[in-house]
Every structure is written in C-alpha cells, then in structure tokens.
**Q** 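Got a structure for you, questions after.
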Amino acid sequence: MSEFVLDRIQAWGVTRVYGYPGDGIGEFDGALGKADRAGEGVEYIRPTHEEIAALMATAHAKFTGEVGVCVATSSPGAFHLLNGLYDAQMDNQPVVAIVGQQGLAAVGTFTQQESNLERVFADVACYVETITTPDSAGGHRGHRVPDRDAPEAAGRRRPPPTTCRR
C-alpha cells in the first residue's frame, strides 16, 4: 500500500515530503526513504518534530503553489500536525497529511497511542479517510482519496485534506 500512495502523490507532481517517522507509519516512512535514496523524484525531509513537518509542508504550499505533504505516526504524533494544518486551512493552502494508525484490531480499545484520528482531523480537513487494507486503497473508494480529493483541493485552494492510514 505504501508504494501505491507514493505513486499517487508523485502523479500529482509532489517532489518533497516532510515527515517524522514512527511505528504507526514505519512502512510508508521506509518507502519514502528508499525512493529518496534511489533518486526516484521525491525528496524526503525529516525535521526534528511532527509539528515542524506540517509547518514545512504548509510553507512549501504557500511559496511554491504545489501540494504540500506531511507525514506523522499515530497519536500523539498525529496530534502534533494540527498547528501546521490549521495554518494551511486559515490561508487556504493545499496540504495533505498522511498519518499512521494502530492496527485495526486496536481501534476503539484505548490501547497505547490509539485515538479516533478521523474525529481529531475533522475540523481542520476538507476530507478525512482511514484506509484499513491495501484493497481499500485500490478500489473506487480508495482512488477517491489520492486521485480526486487532493488535486481538487489544490485547484480550489481549499483546506487540507487528510488521509489516515494504518
């Protein structure tokens, strides 16, 4: 699934991704690092904190006119994106946040670092989706996330869409 999401954001013309690694987003973090090292057209920048990643993605959108992309692990890391995403929302900048989540079996159990991320991001995002299986990223509903919503938001300069992934 990580390669699918990476391919989609590259199809939008994204050349830079700002992210902070963690267990909840490890596979995608690895795919980004591998693509960066291989020179596959995406530069992966790892600041020292999730909040900085979101602020950098927002600044990228503001100063380039491109879609900004930030990445963080599950909560509490995902919570740290909020200041940058609200900055993007207030200035109508297109920013996509890709965040990790605990395994599907843990959702709703209040285990360590499990939170209702759809509820957390609902106020700041124009679109929130949790992708729970690789199949959900490739079907009609899944294609809506990476192929329609983010580019539409960029074209309208709408608040940032947010994709939550497992």
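Note that the structure is a prediction, hence the values are computed from the model and not measured.
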**Q** To the closest 0.5 Å, what do you measure between OG (Ser2) and CD1 (Ile98)?
**A**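 That separation rounds to 9.5 Å.
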**Q** Would you check if Met56 and Cys70 make a side-chain contact, meaning some heavy-atom pair closer than 4.5 Å?
**A**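 Met56 does not reach Cys70 side chain to side chain.
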**Q** Could you measure the distance from the CG atom of Leu82 to the CD atom of Glu50? Nearest 0.5 Å is fine.
**A**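 It comes to 11.0 Å.
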**Q** What are the two closest non-hydrogen atoms of Val120 and Phe79, and how far apart are they?
**A** CG2-CE2, 3.4 Å
**Q** Any chance you could measure Gln10, atom CD, to Glu40, atom CD, to the nearest 0.5 Å?
**A**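 Answer rounded to 0.5 Å: 7.0 Å.
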**Q** Is there a continuous path of hydrophobic side-chain contacts, each under 4.5 Å between heavy atoms, that joins Ile45 to Tyr20?
**A** no
**Q** Name all residues meeting the side-chain contact (heavy atoms from CB on, under 4.5 Å) criterion together with Glu3; count only those two or more places apart in sequence or in a different chain, and write none if there are none.
**A**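 Counting only residues at least two positions away or on another chain, Glu3 forms a side-chain contact (heavy atoms from CB on, under 4.5 Å) with Ala31.
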**Q** List the atom of Ala97, the atom of Leu81, and the distance in Å for their closest heavy-atom pair.
**A**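 Closest pair (atom of Ala97, atom of Leu81, distance): CB-CD1, 4.0 Å.
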**Q** Quick one: does any side-chain atom of Glu66 pair with a main-chain N or O of Pro94 as donor and acceptor, under 3.5 Å?
**A**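 A pair under 3.5 Å: no.
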**Q** Find out if a path of hydrophobic residues (ILVMFWY) with successive side-chain heavy-atom gaps under 4.5 Å connects Ile25 to Ile52.
**A** no
**Q** List the steps, then state whether side chain to side chain contact (heavy atoms under 4.5 Å, CB included) holds for Val71 with Val99.
**A** CA-CA 6 Å; Val71 176; Val99 300; over 6 Å; no
**Q** Between Tyr44 and Tyr18, which heavy-atom pair has the shortest distance, and what is it?
**A** CE1-C, 4.4 Å
**Q** May I ask you to decide if Gly84's main-chain N or O and Thr58's side chain share a donor-acceptor pair within less than 3.5 Å?
**A**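 Yes, the answer is positive, given that a donor and an acceptor are paired below the 3.5 Å cut-off.
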**Q** Say you draw a straight line from OG1 of Thr15 to NE2 of His60; how long is it, rounded to the nearest 0.5 Å?
**A** 5.0 Å
**Q** How many angstroms lie between atom NE2 of His80 and atom OG1 of Thr73, to the nearest 0.5 angstrom?
**A**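 Reported to 0.5 Å precision, the distance equals 10.5 Å.
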**Q** What are the two closest non-hydrogen atoms of Val67 and Val14, and how far apart are they?
**A** O-CG2, 4.1 Å
**Q** Any chain of hydrophobic side-chain contacts (each under 4.5 Å) joining Trp12 to Phe4?
**A** yes
**Q** Among Asp87, Leu85, Val69, which residue satisfies the side-chain contact (heavy atoms from CB on, under 4.5 Å) criterion with Val95?
**A**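 Considering Asp87, Leu85, Val69, a side-chain contact (heavy atoms from CB on, under 4.5 Å) with Val95 is found only for Leu85.
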**Q** Atom CZ of Arg16 and atom OG1 of Thr64: how far apart are they, to the nearest 0.5 Å?
**A**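 These two atoms lie 8.0 Å from each other.
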**Q** Keeping the roles fixed (side chain from Arg37, backbone from Gly33), state whether a donor-acceptor pair exists under 3.5 Å.
**A** yes
**Q** Could you pull out the closest heavy-atom pair between Glu51 and Asn83, with the gap in Å?
**A** OE2-ND2, 2.6 Å
**Q** Show the nearest heavy-atom pair for residues Lys62 and Asp91, with the distance to one decimal.
**A**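 Where Lys62 meets Asp91 most closely, the heavy atoms are NZ-OD2, 2.7 Å.
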**Q** What's the verdict on side chain to side chain contact (heavy atoms under 4.5 Å, CB included) for Ile9 and Val96, showing C-alpha distance, side-chain angles and the deciding distance?
**A** CA-CA 9 Å; Ile9 64 173; Val96 175; 5.7 Å; no
**Q** Among Ile, Leu, Val, Met, Phe, Trp and Tyr joined by side-chain contacts under 4.5 Å, find the other residues sharing a cluster with Leu55 and list them by chain and number.
**A** none
